[in-house]
Each structure stands twice: as C-alpha cells, then as structure tokens.
Amino acid sequence: MTQIYQASCTAPVNIATLKYWGKRDTKLNLPTNSSISVTLSQDDLRTLTTASCSSSFEQDTLYLNGEPHPIDTPRTLACLADLRALRAELESKDDKLPKLSTFKLRIVSENNFPTAAGLASSAAGFAALISAIAKLYELPQNSSELSMIARKGSGSACRSLFGGYVAWEMGELEDGSDSKAVEVAPVDHWPEMQALICVVCDVKKDVSSTSGMQLTVATSDLFQERIKNVVPKRFIEMKKSIIDKDFAKFAELTIKDSNSFHACCLDSYPPIFYMNDTSKKIIKLVNLLNEAAGKIIAAYTFDAGPNAVIYYLKENENKVLGLFNKVFGHLEGWEKAESLKSKFEILEKFPIDQIESNFEFYSQGVTRVILTQVGGGPKSVDTSLLDLETGLPKKN
Ligand SMILES: Nc1ncnc2c1ncn2[C@@H]1O[C@H](COP(=O)(O)OP(=O)(O)OP(=O)(O)O)[C@@H](O)[C@H]1O
Ligand SMILES: C[C@@](O)(CCOP(=O)(O)OP(=O)(O)O)CC(=O)O
C-alpha cells in the first residue's frame with residue numbers, strides 16, 4: 001500500500017479583549033487596527049486536526065466533525081498554497097526529502113465544542129489546520145510566521161497560534177508580511193485569568209463577521225474615530241495592563257472596547273445588532289456586581305453574536321461565580337465548579353432582591369455556561385483521527 005504521511009495538532013480558541021473589526025485588504029485579511037486576545041484553555045475548547053498526504057490521494061479533502069466539508073474556499077486554498085510553497089522550498093534544497101508538496105492532502109478535524117455557534121471555531125480550526133500541516137511538512141517557520149498564514153484563513157485565527165495573551169500587530173506593508181500575531185505574555189505570567197462563557201440561545205447570525213466589518217468600514221463615521229484615535233492608544237494601554245497584571249485597568253479597557261465595537265456596528269448603515277436582550281441583561285449583572293464590589297472584578301466582552309465572555313481573576317471566583325450560579329445555576333456547565341459551590345457568595349451590597357423578584361426575566365435566554373481559563377497555544381499530539389487502513393476518518 002502507498003505510504004500515508006500524517007501529523008496531528010490541537011489548537012485553542014481565543015476571545016479578543018481589543019477587537020479586530022475592519023479590513024484594509026479583504027483578500028489578505030489585513031486589518032484596519034491591531035487587536036489583543038486571551039487564549040482559552042484547550043482542556044475545555046479545542047480543535048484536533050490530523051493532516052495527511054499521500055501520492056495515492058486524488059484530491060484535497062477535509063472532514064469536519066466526521067462529515068466532508070468544503071476545502072476549496074478561497075481562504076483555505078490560500079493557506080494550503082502558502083504551506084505547499086514553503087514545503088516545496090525545503091524539497092528544492094534537499095533531494096532526499098519526499099515530495100510531499102506535490103501530494104494531495106486529506107485533513108480530518110474535530111471541534112470538541114459547537115461549530116459556527118459564535119465560539120470562535122474558525123479561529124481554532126484554522127490554527128489547528130495550519131499547525132498540523134506545518135508539522136506534516138516539517139516546516140521551520142515559527143509561530144508568528146505561521147500566524148500570517150492562519151490570518152489568510154480567518155483574521156482572528158492568527159492569534160490562536162499563541163497561548164496566553166496575544167497581540168495581532170496590524171502592520172502597514174501592502175503584502176501583509178508585517179501583519180502577524182505576537183505574544184504579549186505567556187500563560188505563566190498571569191495564570192489566574194478565568195473566563196465564564198454564557199452561551200446565549202440564538203438562531204444563526206444573519207450578518208457574518210466578514211460582511212459585517214466591511215459594512216462598518218464603508219458606512220460608519222464612528223468607526224473612523226475608533227481606528228484613528230481610540231484603538232492605537234488602547235492597544236498600548238491594554239498591553240501594559242497585561243504586563244503589569246492590573247486587572248482593573250485590563251477589565252475597564254476590555255469592557256470599553258466591546259462597547260466601542262458594538263457601537264460601531266449600530267452606527268453602520270443599515271445597523272448591525274449582534275447583542276440581544278439576554279446579552280444586555282448579562283451586562284447589567286456584571287455592572288451591578290462591579291458596583292457592589294466597589295471595584296471592577298469582572299469584565300464582559302461580546303463578539304459578533306450574543307454570547308458573553310466574562311473575564312475575572314481566580315481570587316474573585318466565589319463572588320463572580322456565586323452570582324452567575326444563582327442566576328444560571330440550573331444550566332449545564334457547572335460540573336467543574338462542584339467543589340467550589342460551598343464557597344460561592346453574593347456580595348453584601350449586591351441588590352439580589354432585584355434579581356430574585358424578577359428571576360424568570362434574568363434567568364432566561366442562556367442555554368449553557370462554559371467555565372474555562374487562560375491556556376496554552378497549539379500542541380503537537382500523537383492522537384490521529386485518520387484510519388491508516390482505509391485512509392478515511394476513524395469511526396468513533
Ligand atoms: N476544525 C475546523 N477545521 C477547519 N475549518 C473549521 C473548523 N472549525 C470551523 N471551521 C470553519 O469555520 C466555519 C465557522 O466559522 P464561523 O465564523 O461561522 O463561526 P465561529 O468561528 O464558530 O463563530 P464566530 O466567528 O462568530 O466566533 C465553519 O463552517 C468551517 O468552515
Ligand atoms: C468580533 C471578532 O470576533 C471578529 C472576528 O472576525 P473573523 O476573524 O471571524 O473575521 P474574518 O477575518 O473575516 O474571518 C473580533 C475579534 O476576534 O477580534
């Protein structure tokens with residue numbers, strides 16, 4: 001039987017605290033502003049991808065969550081072309097290397113969380129795809145260099161090439177060769193960062209990030225102010241808050257940036273609404289919590305959908321989870337916090353009677369919670385999703 005070469009990697013989701021919104025080049029996914037994100041732990045949310053190639057494969061194929069998935073989209077093709085070109089360069093310098101760049105690829109991938117549900121599956125998906133093929137091809141490129149390929153798949157995916165706290169530097173060159181992800185700080189620098197994700201019931205969003213941001217670029221005046229005057233300063237301040245481990249500052253900037261991004265969406269013409277009434281109730285809960293604490297202990301952020309991500313530090317876990325468990329404790333996702341429940345608290349100054357007297361209103365609209373934390377970048381793994389006998393995805 002013809003040899004099948006294969007390699008597997010996992011990659012994480014990242015949730016931006018300073019949002020990427022707007023492209024200056026839609027083909028290369030070059031952004032109008034730099035952005036910052038926190039990489040979330042792969043213990044909770046991760047993509048696992050096996051990349052394989054063989055002279056016997058007749059076409060490039062992708063299986064996602066057990067089903068064939070289109071691979072011939074311009075963005076995926078751009079990633080594959082870049083990776084093959086880098087492999088071909090290695091082969092041209094060393095005759096002994098098998099000509100993997102000429103073989104067709106078979107890629108098998110699985111997300112351990114809902115795909116296309118506003119949980120950044122495309123970011124983890126492209127980061128895992130690029131990492132697995134780079135491993136298969138034995139490419140020497142570092143994570144920043146690979147991030148430029150992932151960026152062509154989906155802008156935010158470039159940040160999933162790193163763990164911890166990550167910046168995507170927008171760059172200024174036309175060919176995008178300086179628009180890449182870099183590490184702001186590794187997980188170990190500030191491992192106390194936690195994230196509570198409230199998954200909000202929703203029908204699929206009607207404006208994708210890709211088209212939404214183009215509408216904003218074309219029509220919003222507020223957006224011009226955002227990219228010229230707001231984000232450049234915030235980018236420097238947020239990086240500093242991470243280096244200084246200054247949660248109050250980090251949280252304030254995170255909240256303001258989520259608000260600024262959604263304000264630009266509303267200022268688009270016609271307006272775009274990603275947050276819904278449930279999202280607004282969650283904002284209110286976070287505001288009341290911070291007021292009761294007398295300082296900012298929780299920061300909300302929303303991407304292009306109604307799901308909330310709430311960042312907080314481990315030291316405030318009892319207070320933050322205490323409140324959210326009170327409201328959403330009946331939902332799936334609290335198993336991880338079982339041992340903490342006896343320590344959950346409602347702050348003395350929190351107006352809990354407001355919530356209790358309107359409990360149905362506050363507790364509706366969220367389908368599940370995910371408790372997670374800051375985590376590491378892509379990992380090379382031995383687990384393979386490919387059945388070498390059949391050359392097809394393994395059956396579960
Ligand atoms: N593991 C994967 N491997 C390759 N492509 C993937 C993978 N997971 C997701 N994708 C691609 O990303 C698409 C989903 O992206 P989409 O932006 O709609 O949703 P999302 O990233 O989950 O949510 P959001 O961008 O709103 O946070 C999938 O349809 C698929 O094309
Ligand atoms: C609101 C965001 O999540 C937008 C993400 O946009 P995408 O990276 O999904 O867009 P494309 O580059 O067109 O694929 C903010 C962010 O992650 O920074």
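Start at 1 and go down the list; that is how both ligands and their atoms are numbered. Throughout, numbering of the chain's residues begins at 1 and tracks the sequence. What you see is a predicted model, and the numbers here were worked out from it, not measured in a lab.
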Check L64 against ligand 1 and report side chain, backbone, both or neither, counting heavy atoms closer than 4.0 Å. side chain

Is any side-chain N of the basic residue among K395 and D387 closer than 4.0 Å to the acidic one's carboxylate O? no

Using the ring centroid of each side chain, check whether W190 and F250 are separated by less than 6.0 Å. yes

Measure across Y137 and R84 and return the closest heavy-atom pair with its distance rounded to 0.1 Å. OH-CG, 3.6 Å

Using distance alone, decide if ligand 1 has a nitrogen or oxygen within less than 3.5 Å of any nitrogen or oxygen in S122. yes

Give a yes/no on ligand 1: does A120 have at least one heavy atom closer than 4.0 angstrom to it? yes

Using a strict cut-off of 4.0 Å, indicate which atoms of ligand 2 neighbour a heavy atom of N29. 12 (O)

Tell me whether L129 reaches ligand 1 (any heavy atom closer than 4.0 angstrom to a ligand atom). no

Taking heavy atoms and a distance under 4.0 Å, where does H69 meet ligand 1: side chain, backbone, both or neither? side chain

Assess G118 for proximity to ligand 1: is some non-hydrogen atom of it under 4.0 Å away? yes

Tell me which protein heavy atom sits closest to atom 16 (C) of ligand 2, plus the residue, atom name and distance to 0.1 Å. R159 NH2, 3.3 Å

Is S144 reaching over with its side chain to a backbone N or O of A181, donor-acceptor style, under 3.5 angstrom? yes

Are any of the heavy atoms in F261 under 4.0 Å away from ligand 2? yes

Is the closest N or O pair between S35 and ligand 2 shorter than 3.5 Å? no

Please state which protein non-hydrogen atom is closest to atom 13 (O) of ligand 2 and give its distance, to 0.1 Å? K23 NZ, 2.5 Å

Any N/O pair G155/ligand 2 closer than 3.5 Å: yes

Let me know which of K233, R226, K19 forms a salt bridge (charged side-chain N to carboxylate O under 4.0 Å, His left out) with D257. R226

When you compare ligand 1 with A123, is there at least one nitrogen or oxygen pair between them that comes in under 3.5 angstrom? no

What part of T210, side chain from CB on, backbone N/CA/C/O, both or neither, has a heavy atom under 4.0 Å from ligand 2? both

When distances are taken from atom 8 (O) of ligand 2, the protein heavy atom at minimum range is S156 OG, 2.6 Å

N or O pair under 3.5 Å between S154 and ligand 2: yes

Quick check: does D303 get an N/O under 3.5 Å from an N/O on ligand 1? no

Has K281 got its NZ or CZ under 6.0 Å from the middle of the six-membered ring of F361, at an angle within 45 degrees of the ring axis? yes

Polar proximity ligand 1 side, T49 side, N/O cut 3.5 Å exclusive: no

What atoms of ligand 2 come within less than 4.0 Å of a heavy atom belonging to S209? 6 (O), 9 (O), 10 (O)

Tell me: protein heavy atom nearest atom 4 (C) of ligand 2, and distance? Y20 O, 3.6 Å

Can you find an N or O of S109 that's nearer than 3.5 Å to an N or O of ligand 1? yes

Using only atom types and a distance under 3.5 Å, with no angle test, would you say the side chain of E145 pairs donor to acceptor with the backbone of N142? yes

Check: of S209, S121, G125, min heavy-atom distance to atom 9 (C) of ligand 1 comes from S121

Please list the nearest protein heavy atom to atom 10 (O) of ligand 2 with its residue and the distance rounded to 0.1 Å. M213 CE, 3.5 Å

